[in-house]
Structure formats: structure tokens, C-alpha cells
Amino acid sequence: MSYLVLARKWRPESFSDVVGQKHVVLTLAAAVKADRIAHAYLFAGPRGVGKTTVARILAKALNCENGPTDEPCGTCSSCGEIALGKSLDVIEIDGASNRKIEDARGIRETVQYAPLSGRMKIYIIDEAHMLTREAFNALLKTIEEPPPHVVFILATTEPGKIPDTITSRCQRFDFHRISSPEIEGRLTEISKAEKFKIDDGAIKLVAARADGSMRDAESLMDQLISVGKEEITVDDVAAVLGIPDIDVFFALSDAVAKHDTGATLGALEGALDAGFDPRDLIDGIVDHLRNLLLVAAAPSPERLVGRIADYKKHEGASTALTEDELLRLIRIGVDAQAAAKWSTQPGLIVELALLRMAKLARAIDIEDVVRAIENAPPAAGGGAGGGARTGGAAGGTGTESGGGGAARGTGTARRKTSAASAPSGGANQPAVAVAQKPAPVAAASSIDVARWPDVLERIRAEKPALAAFLGEAVPSGAEGGTMKLLVPNGSGFHKDQLRDRGNMRLMERAASEIFGGTVKLGFTFGVPPQAPAEAARGTPTTGGRPAPSGRPGAAPAAGTDVSQDPVVRKVLEIFDGEITAQEKEER
């Protein structure tokens with residue numbers, strides 16, 4: 001066969017020809033020029049980024065008739081033999097098929113012989129991570145102290161599988177994925193030299209599909225050239241690579257934006273019936289969502305995968321999803337990509353991912369909830385200060401859902417919180433989607449209890465687990481340099497963690513740094529946060545817990561209809577919502 005594939009025909013022959021690995025070739029060229037060649041190298045990185053190519057160029061630099069030189073001539077007999085893989089002084093070994101201890105012993109025996117024609121004898125072991133542990137052990141001493149005329153170059157895509165004893169005896173160079181612009185530039189150069197026409201959009205799509213591998217990009221170009229068309233377009237690339245038409249992706253994203261599961265499944269079935277591979281389909285969906293995000297966040301045609309005209313044509317559809325929604329959808333898509341790659345049922349993975357996307361409820365920022373409640377007129381039957389506001393009055397303390405940690409009472413809640421927890425006045429109390437804890441009793445001394453969230457953040461930075469135990473603690477006041485905290489959870493393990501001497505020192509140090517001066521912490525366990533405040537007002541209690549009341553903000557009693565709670569009614573009124581389920585919270 002006279003035809004030579006592009007990946008071999010355009011293989012770099014010198015350090016200056018290497019694309020995308022400037023940090024590697026500059027260091028190696030300088031080492032050759034200064035005659036500071038190591039006895040062993042480890043080249044690590046993804047497939048098709050130039051590891052073996054750079055190893056051959058280094059071998060040329062060492063054995064060139066004009067060398068050692070950082071610019072091998074490429075014309076002498078030594079350079080020619082190395083380029084063709086025929087040099088007897090450059091031994092390339094496939095680690096996958098020569099992985100046994102017997103193969104390692106063979107290397108150990110041949111290193112003693114001097115090179116036949118060149119200055120150095122270079123062993124290039126490709127896919128070195130495939131060698132067995134016994135083979136590595138047999139090579140250990142040889143790699144550490146080879147004869148002066150021997151250089152080892154180990155190339156691997158999985159450096160984590162190389163024993164540390166081997167890695168520590170090599171100079172390691174990490175090869176990076178090649179950027180899309182660099183791949184595009186190389187493909188443009190090849191197309192001009194090979195005299196075939198390919199439009200810029202097609203080159204961009206090929207570079208994107210290559211995923212940082214120059215060899216993959218050149219192989220894809222070979223496929224496209226074999227089609228025999230005068231000019232290769234984006235549609236040709238999509239047809240050859242099995243990528244669905246852009247209209248398929250817009251149909252999917254439109255259905256997802258409308259939360260129409262039927263239309264979503266219909267568009268998916270149409271694409272699968274057309275013969276598209278589910279793995280290619282999910283790859284295309286992720287690329288499409290990324291393009292929509294770029295159109296929305298930072299319009300930049302040169303960064304889009306495909307044609308900008310496609311997204312101008314669907315301009316209305318391109319704005320149907322918000323940036324936050326696109327980020328959430330992309331996360332689902334990326335997870336599905338990873339799962340589909342190894343699954344025996346990739347179609348099912350893609351189907352479930354698209355259903356999740358279509359059923360994904362629109363996110364509501366808790367800060368928007370709080371702001372809407374604060375700005376709304378008082379609910380019927382609710383007086384001023386009736387407890388319907390979260391993180392409201394000065395000196396009050398809001399709560400952050402999920403972690404249970406307090407947020408500073410400045411009239412706003414922390415962003416990106418999914419929902420606040422309903423206050424629990426006792427066992428089997430109904431849980432409400434959005435509610436709030438009563439504000440703690442105001443500080444009784446110079447200690448500002450509203451700064452407790454700052455103390456909690458300081459503790460979280462040093463010991464996150466301890467901060468988690470403090471999540472339910474609510475400040476109830478301060479007296480004589482001691483900050484009082486109520487902890488509803490009274491389990492023995494909980495108490496032990498908070499009373500631990502080392503933990504107590506850490507907590508009190510953090511409090512002292514925030515409040516200034518020496519601050520002690522006093523804990524009361526097993527008492528609901530509202531009990532002291534209610535008791536101070538003479539509110540009747542039952543079994544140590546305050547009895548349910550009809551005031552706004554109070555937790556409804558077990559078995560009651562939470563839709564009658566004033567706070568719940570106000571939230572439903574503002575967001576035009578409805579209660580779909582009511583759960584009981586166990587204490």
C-alpha cells in the first residue's frame with residue numbers, strides 16, 4: 001500500500017514541529033543543548049498528544065550525526081532510520097504485549113551491549129503501565145543505574161499505575177490535552193498542504209470531537225477526505241461521524257424547557273430510530289447545551305461547536321432556558337456521558353437523563369422567597385412581628401437550610417439554599433416546605449449573638465465535622481462573658497462531641513476571635529429553642545415543649561392542615577403554588 005495516513009505522514013520530526021507541548025519540548029531541547037540528559041524519563045498524558053513522537057525526536061537529537069543537538073537534521077542515516085522505526089539503537093517496546101518478567105530480563109541483558117552505530121542506546125517502552133509488578137521489579141535496578149550509553153523513556157496514559165519506585169527514578173513530563181485552537185491550526189495547515197477544501201465550521205467540529213488528541217483529529221480528517229467531496233462542510237462531518245442534525249438538539253432542548261416529557265421522549269426516539277448511537281447523542285446534547293450557555297452568557301461565535309448561524313436561526317429557542325437552568329442540565333448530561341460510556345444499555349441512560357432534565361423543576365432562590373415575604377402585606381390574622389418573616393428584624397438570626405447553621409440577621413437569607421426547615425415544636429410535627437425558626441432571645445451582654453454565624457464559619461474552616469454538630473445550636477443570650485446556646489438534640493454522642501475538651505477549646509477560641517476578649521460557651525441540651533422565650537411570656541407548655549398556638553409562624557400541631565398556616569398561605573399566594581405532599585418530621 002502506497003497511501004500513508006495523515007497521522008503518520010504529518011508526524012512531527014523536530015521539537016519545533018510539536019504542537020501543544022511547549023513546556024515539554026523547551027525543557028528537553030535545553031537539556032540536550034546543555035548535555036544534561038537524564039538516564040530515564042517518564043512521559044505521561046492522554047492518548048494521541050505526542051508522547052511517543054517526542055521520545056523519537058529525543059532519540060534523534062541524541063544520535064544525530066550532527067549531535068547531540070536540539071535541532072536534529074532529519075536527513076542523516078541515523079535520523080532517517082529512527083523516523084522509519086528501523087534503527088537498531090532505538091528499541092521500541094510495546095508494554096502491553098511484552099509485559100512479563102521474562103521480557104524485562106531480556107532488556108536487562110541487552111542493555112550491556114554498546115550501540116551499533118549511534119552514540120546512545122534508547123529504550124522506548126510504550127504503555128509502560130501494562131508491565132507486571134514482577135517486570136517492574138526486575139527493571140528497577142537497571143532503570144536506576146543503566147550503563148552510560150543507555151537512556152530509558154517510559155510512555156504511559158495511566159501514570160498512577162506506575163510504581164512509585166520507578167517514578168522516583170525518572171524525570172517526569174506531563175503531556176497536556178491539545179487545545180482546540182491548536183488542533184484547528186494544524187488541521188488547516190494539513191488541508192492546505194494536501195490541497196483539499198474544508199470549511200472552518202467543519203474544522204471546529206472535528207477539533208471538538210478529537211477531545212484534545214491530535215492523532216484522533218488527523219484520523220477523523222482521513223475519514224472525511226475518503227468521502228471524495230470537493231469541499232467538506234459541517235453537514236458532511238455530522239454525516240460521517242454520526243452526529244444528529246442540530247434541529248434534533250433544538251427539539252430536545254425546547255421540549256425540556258417546556259417540561260414536556262412526551263415531546264422529549266418523542267424527539268429522542270426519532271433520533272434513535274434514525275440510527276444515531278446513544279453515546280454520540282448524549283455527547284451532542286452536552287455540546288448543544290454548552291453552546292446555548294455560551295450564547296446566553298458570553299456570545300462568542302469562535303467558541304461555539306458548529307455554526308453560529310444555527311443558533312441565530314433558533315434565537316428564540318436559545319433564550320428559553322436561563323443560565324442557572326442550563327448549568328443544572330449540563331451537569332445531568334455530563335453524568336449521563338460518564339455512565340453511558342461503560343453501560344451495556346446506553347440508550348436507557350440517555351432516556352433517563354432526558355427525563356430528569358424535562359422534570360427538573362425551576363429553581364427558586366430562597367433569597368427571593370424571603371424578599372417576597374418581607375415585601376408582601378401582612379397576612380390576614382397576622383399581627384406585626386408575628387413571626388412570618390425570616391431573618392428580619394435587627395438583631396434577629398435567620399437560618400440556613402440543610403446545614404442547620406445560622407445566617408446573619410440582615411433581612412436576607414444565604415443564596416442557593418433549596419428550602420428552609422419548618423420549626424418543630426414537638427414530635428410528629430408536619431414539615432412545611434418554607435418556614436422559619438423564631439428569632440433567638442436578644443443578647444443580654446456586650447456579646448452580639450447576631451454574629452454567631454461568623455463564629456460557626458470560623459469553626460467550619462478548621463473542623464467541618466464539629467461545625468455540623470453545631471448546626472442546630474441556637475444562641476439564647478449572653479451573660480458574664482458566656483454565650484448561651486440551646487441544642488435541641490440531646491443524644492449522648494452529640495453531647496460528647498460538643499463537650500470534648502479539645503473541641504471546646506477550638507469553639508471558644510473561635511468565639512473569642514470574633515467577639516474580642518475571652519468568651520466561654522454554655523450549652524443546654526434537649527430543649528427546643530422556642531421554650532425559653534415562650535416560658536418568659538408565660539406560654540403554657542406540654543411535656544417541656546410549648547403548646548401549639550394559632551399565632552403566625554408557630555408550628556402547626558400534628559394532624560392539622562398546614563395549608564391554613566398564615567405563613568404557608570402567604571408563600572402559596574406569592575408563588576401561585578400548591579401543597580402536593582405533607583410529611584411528618586420525627587424528632
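Treat the numbers as computed from the prediction; the structure is a model and nothing was measured. Just so you know, residue 1 is the first one in the sequence shown, and it goes up from there.
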Colleague: Got a sec, which residues hit ring pair (Phe, Tyr, Trp, His ring centres under 6.0 Å) with Phe523, two or more places apart in sequence or on another chain?
Modeller: Phe525
Colleague: If you take all heavy atoms of Thr157 and Pro46, which pair is closest and at what distance?
Modeller: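 Looks like CG2-C, 4.1 Å.
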Colleague: Judged by atom type as modelled, is there a donor-acceptor pair below 3.5 Å linking the side chain of His259 to the main-chain atoms of Ala358?
Modeller: yes
Colleague: Within the 4.5 Å heavy-atom criterion, are Leu265 and Leu354 side-chain neighbours or not?
Modeller: no
Colleague: Are more than 12 heavy atoms from other residues, nucleotides or ligands located less than 6.0 Å from atom CG of Asp222?
Modeller: yes
Colleague: If you round to the nearest 0.5 Å, how far is CG of Leu326 from CZ of Arg331?
Modeller: 11.5 Å
Colleague: Identify the two heavy atoms, one from Thr233 and one from Asp199, that lie closest to each other, and give their separation to 0.1 Å.
Modeller: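 Nearest heavy atoms, Thr233 then Asp199: CA-OD2, 3.1 Å.
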Colleague: Taking only residues two or more places apart in sequence or in another chain, which ones pass salt bridge (Lys or Arg N to Asp or Glu O under 4.0 Å) with Arg458?
Modeller: Glu513
Colleague: I'd like to know if the side chain of Lys51 and the backbone of Gly45 have a donor-acceptor N/O pair within less than 3.5 Å.
Modeller: yes
Colleague: What's the separation between atom CG in Leu521 and atom CG in Leu470, rounded to the nearest 0.5 Å?
Modeller: 8.0 Å
Colleague: Output the distance between atom OG1 (Thr264) and atom CZ (Arg356), rounded to the nearest 0.5 Å.
Modeller: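 Interatomic distance, Thr264 OG1 to Arg356 CZ, rounded to 0.5 Å: 14.0 Å.
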Colleague: Which pairs count as side-chain hydrogen bond (donor to acceptor under 3.5 Å, both in side chains) when at least one residue sits in residues 342-351, sequence neighbours excluded?
Modeller: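 Every candidate side-chain hydrogen bond (donor to acceptor under 3.5 Å, both in side chains) pair involving residues 342-351 fails, so no pair, neighbours aside, qualifies.
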Colleague: Going by the rule side chain to side chain donor-acceptor pair (under 3.5 Å), which residues pair with Thr156 if we only count those two or more places apart in sequence or in a different chain?
Modeller: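 So Thr156 forms a side chain to side chain donor-acceptor pair (under 3.5 Å) with His129.
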Colleague: Do you know which two heavy atoms are closest between Ala267 and Ala251, and how far apart they sit?
Modeller: CB-CB, 4.3 Å
Colleague: With sequence neighbours excluded, tell me which residues meet salt bridge (Lys or Arg N to Asp or Glu O under 4.0 Å) with Asp277.
Modeller: none
Colleague: Sequence neighbours excluded, which residues qualify as side chain to side chain contact (heavy atoms under 4.5 Å, CB included) partners of Ala96?
Modeller: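 Residues passing side chain to side chain contact (heavy atoms under 4.5 Å, CB included) with Ala96: Asp94, Met130.
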Colleague: Relative to each other, are the rings of His23 and His176 parallel, tilted or perpendicular (30° and 60° limits)?
Modeller: parallel
Colleague: Who are the side chain to side chain contact (heavy atoms under 4.5 Å, CB included) partners of Ala340, not counting sequence neighbours?
Modeller: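 So Ala340 forms a side chain to side chain contact (heavy atoms under 4.5 Å, CB included) with Arg279, Pro346, Ile349.
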Colleague: Nearest 0.5 angstrom please: Ser253 OG to Asn291 CG, how far?
Modeller: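 Nearest 0.5 Å value for the OG-CG distance: 11.0 Å.
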Colleague: What pair of heavy atoms forms the shortest contact from Ile332 to Ala353, and how long is it?
Modeller: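 Minimum heavy-atom separation between Ile332 and Ala353: CG2-O, 3.7 Å.
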Colleague: Can I get a per-line list of side-chain donor-acceptor pairs under 3.5 Å for residues 206-220, giving both atom names and the distance, sequence neighbours left out?
Modeller:
| unit_1 | atom_1 | unit_2 | atom_2 | d |
| --- | --- | --- | --- | --- |
| Arg209 | NH2 | Asp280 | OD1 | 3.3 |
| Ser213 | OG | Arg47 | O | 3.4 |
| Ser213 | OG | Asp216 | N | 3.2 |
| Asp216 | OD2 | Arg47 | NE | 3.0 |
| Asp216 | OD2 | Arg47 | NH2 | 2.7 |
| Ser219 | OG | Arg215 | O | 3.0 |

Colleague: Do you know the tightest heavy-atom contact between Leu281 and Phe249?
Modeller: O-CE2, 3.8 Å
Colleague: Using a 4.5 Å cut-off on heavy atoms from C-beta on, say whether the side chain of Leu329 contacts that of Ile285.
Modeller: no
Colleague: Can you name the salt bridge (Lys or Arg N to Asp or Glu O under 4.0 Å) partners of Asp260, sequence neighbours left out?
Modeller: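 Expected list: none.
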Colleague: With sequence neighbours excluded, what pairs up with Glu182 under the side chain to side chain contact (heavy atoms under 4.5 Å, CB included) test?
Modeller: Val19, Ile178, Ser179
Colleague: Is there a donor-acceptor pair closer than 3.5 Å between any side-chain N or O of Glu323 and the backbone N or O of Leu293?
Modeller: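 Judged by distance alone, no pair lies under 3.5 Å.
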Colleague: Once rounded to the nearest 0.5 Å, what's the spacing between atom CD1 of Ile330 and atom CG of Leu321?
Modeller: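 Interatomic distance, Ile330 CD1 to Leu321 CG, rounded to 0.5 Å: 10.0 Å.
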Colleague: Is there side-chain contact between Ile225 and Leu6, with heavy atoms separated by less than 4.5 Å?
Modeller: yes
Colleague: Is it the case that the side chain of Asp273 and the backbone of Gly270 share a donor-acceptor pair, with hydrogens and angles ignored and the cut-off at 3.5 Å?
Modeller: no
Colleague: Hey, what do you get for CE (Met357) to CG (Leu289), rounding to the nearest 0.5 Å?
Modeller: 5.5 Å
Colleague: Got a sec, which residues hit side chain to side chain contact (heavy atoms under 4.5 Å, CB included) with Lys463, two or more places apart in sequence or on another chain?
Modeller: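 So Lys463 forms a side chain to side chain contact (heavy atoms under 4.5 Å, CB included) with Leu466, Asn503, Leu506.
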Colleague: Could you tell me which residues satisfy salt bridge (Lys or Arg N to Asp or Glu O under 4.0 Å) with Asp174, sequence neighbours excluded, listed by chain and number?
Modeller: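 For Asp174, the residues satisfying salt bridge (Lys or Arg N to Asp or Glu O under 4.0 Å) (neighbours in sequence not counted) are Arg172.
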Colleague: Does Val286 reach the side chain of Arg290, with side-chain heavy atoms less than 4.5 Å apart?
Modeller: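 The answer is no, as the side chains (C-beta and beyond) never meet within the 4.5 Å cut-off.
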Colleague: Can you find a pair of side-chain heavy atoms, one from Met483 and one from Val455, that are under 4.5 Å apart?
Modeller: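 No, every pair of side-chain atoms sits at 4.5 Å or beyond.
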Colleague: Can you name the closest pair of heavy atoms from Ala467 and Ile459 and give their distance?
Modeller: N-CG2, 4.2 Å
